[in-house]
Amino acid sequence: RTVPFVSKAMGTQLAKAASLLMVGQTIAELISAGFLPENDGSVVPRDSPVAVKEAVLPFKRFRTVEGRVVDSVLGPEMRSTGEVMGIDRNFPRAFRKSQEAVYGGLPTSGTVFVSVADRDKRAIVLPMQRLAQLGFTILATEGTADILARNGIPVTTVLKHYEADAGEESIIDVIRSGGVDLIINTPSGRSSRADGLEIRRESVSADKPLVTTIAQVSAAVAAMETSREPLTVRSLQEYAADRAAL
């Protein structure tokens, strides 16, 4: 599925060009005939559009034998039921479009819950600082909250599922009550993995955006920063016409 995606993103019929190469035509001939661009991918004009491919992963449709929602942490299993393309003038807007198309979009305000593995604690500081500047309320489990507070980020500590005694509210309860708009969770360790599984299951059940890698955190924050910019829709043919005009 990658070849059709790249062909659409570049406006180039890669499968046709490859077939012509196999029957004896040269790259120079294909460039002359217009099947390939004059420059390869190492030369990209600054105003070229950016295309983001996002997999459709409907985790709510997958259940364990006990009827529970499966863990949404990515693995080698092929769970995707399709994919979308978000294409725009820069990466944040293109990523934002991809999330709109697949999961209904990222929040523009509200509350963010974050709980990350020790290896990710340094990397989470700047994204959370930016979300705080954008007006989001930040909730975190104790270890993550300590790191954020030490870096001057306003944060409220919430209990993990297994830490809460009877009558105490855990992050699971907060998610179930609709008190969280975005969940960031990169688990590690046996107890953390079990607690993270519960967090991710509740996030999926509640239809809340869920981020499980630091790379995705950075992409999501960059996209959320563009929330005040209206998104526009253009066809692939319009992008092709722009390339032809260069």
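All of these numbers come straight from a predicted model, not from anything done at the bench.
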- Please assess Lys208 against Asp181 for the test side chain to side chain contact (heavy atoms under 4.5 Å, CB included), listing each intermediate value before the final yes or no. CA-CA 6 Å; Lys208 298 298 183 181; Asp181 301 288; 4.3 Å; yes
Evaluate whether atom [atom1] of [X] has more than 12 neighbouring non-hydrogen atoms of other residues, nucleotides or ligands under 6.0 angstrom away.
{"X": "Arg234", "atom1": "CZ", "answer": "yes"}
{"X": "Leu231", "atom1": "CG", "answer": "yes"}
{"X": "Glu29", "atom1": "CD", "answer": "yes"}
{"X": "Glu168", "atom1": "CD", "answer": "yes"}

- Donor-acceptor contact present, side-chain Thr144 to main-chain Ala140, <3.5 Å: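 Checking the backbone N and O of Ala140 against the side chain of Thr144, no donor-acceptor pair under 3.5 Å is found.
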- Query: Donor-acceptor pair, Thr186 side chain versus Thr213 backbone, under 3.5 Å?
  - Reply: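 A pair under 3.5 Å: no.
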Would you say [Y] ends up clustered with [X] if hydrophobic residues are merged whenever their side chains have heavy atoms under 4.5 Å apart, either directly or through other cluster members?
{"X": "Val211", "Y": "Ile147", "result": "yes"}
{"X": "Tyr239", "Y": "Val50", "result": "no"}
{"X": "Val180", "Y": "Leu159", "result": "no"}
{"X": "Met224", "Y": "Ile124", "result": "yes"}
{"X": "Phe91", "Y": "Ile214", "result": "yes"}

Are side-chain heavy atoms of [X] and [Y] found at a separation under 4.5 Å?
{"X": "Val112", "Y": "Thr137", "value": "no"}
{"X": "Leu30", "Y": "Leu21", "value": "yes"}
{"X": "Pro107", "Y": "Phe136", "value": "yes"}
{"X": "Ile184", "Y": "Met128", "value": "yes"}
{"X": "Val174", "Y": "Glu169", "value": "yes"}
{"X": "Ile171", "Y": "Glu202", "value": "no"}
{"X": "Ile153", "Y": "Val125", "value": "yes"}

- Could you please spell out the steps behind the side chain to side chain contact (heavy atoms under 4.5 Å, CB included) verdict for Leu210 and Thr212? CA-CA 7 Å; Leu210 172 64; Thr212 58; 4.0 Å; yes
- Starting from the C-alpha separation in whole Å, work towards a yes-or-no answer on side chain to side chain contact (heavy atoms under 4.5 Å, CB included) for Phe35 and Leu20. CA-CA 9 Å; Phe35 287 116; Leu20 292 172; 3.7 Å; yes
- Over all atoms of both residues, closest heavy-atom pair of Val84 and Ser98: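 Nearest pair, atom of Val84 first, then Ser98: CG2-O, 3.8 Å.
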- Query: Can you name the closest pair of heavy atoms from Ile138 and Pro154 and give their distance?
  - Reply: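 Here Ile138 and Pro154 meet closest at CB-O, 3.8 Å.
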- Item | Among Gln133, Arg130, Arg96, the one residue meeting side-chain contact (heavy atoms from CB on, under 4.5 Å) with Glu225 |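 Looking at Gln133, Arg130, Arg96, the match for Glu225 under the side-chain contact (heavy atoms from CB on, under 4.5 Å) is Arg130.
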- Query: What side-chain hydrogen bond (donor to acceptor under 3.5 Å, both in side chains) pairs are there with at least one residue in residues 2-20, not counting sequence neighbours?
  - Reply: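 Listed by first then second residue: Thr2-Lys53.
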- Item | Test salt bridge (Lys or Arg N to Asp or Glu O under 4.0 Å) applied to Asp88 - qualifying residues, sequence neighbours left out |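 Asp88: salt bridge (Lys or Arg N to Asp or Glu O under 4.0 Å) contacts with Arg93, Lys97.
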- Could you tell me which residues satisfy salt bridge (Lys or Arg N to Asp or Glu O under 4.0 Å) with Arg89, sequence neighbours excluded, listed by chain and number?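 Residues passing salt bridge (Lys or Arg N to Asp or Glu O under 4.0 Å) with Arg89: Glu229.
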- Message: Could you go through Leu148 and Val114, starting from their C-alpha distance and side-chain angles, then the distance that decides it, and tell me whether this counts as side chain to side chain contact (heavy atoms under 4.5 Å, CB included)?
- Response: CA-CA 10 Å; Leu148 298 182; Val114 55; 3.9 Å; yes
- Item | Side-chain donor-acceptor pair present, Thr108, Ser227, cut-off under 3.5 Å |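 No donor-acceptor contact under 3.5 Å links the two side chains.
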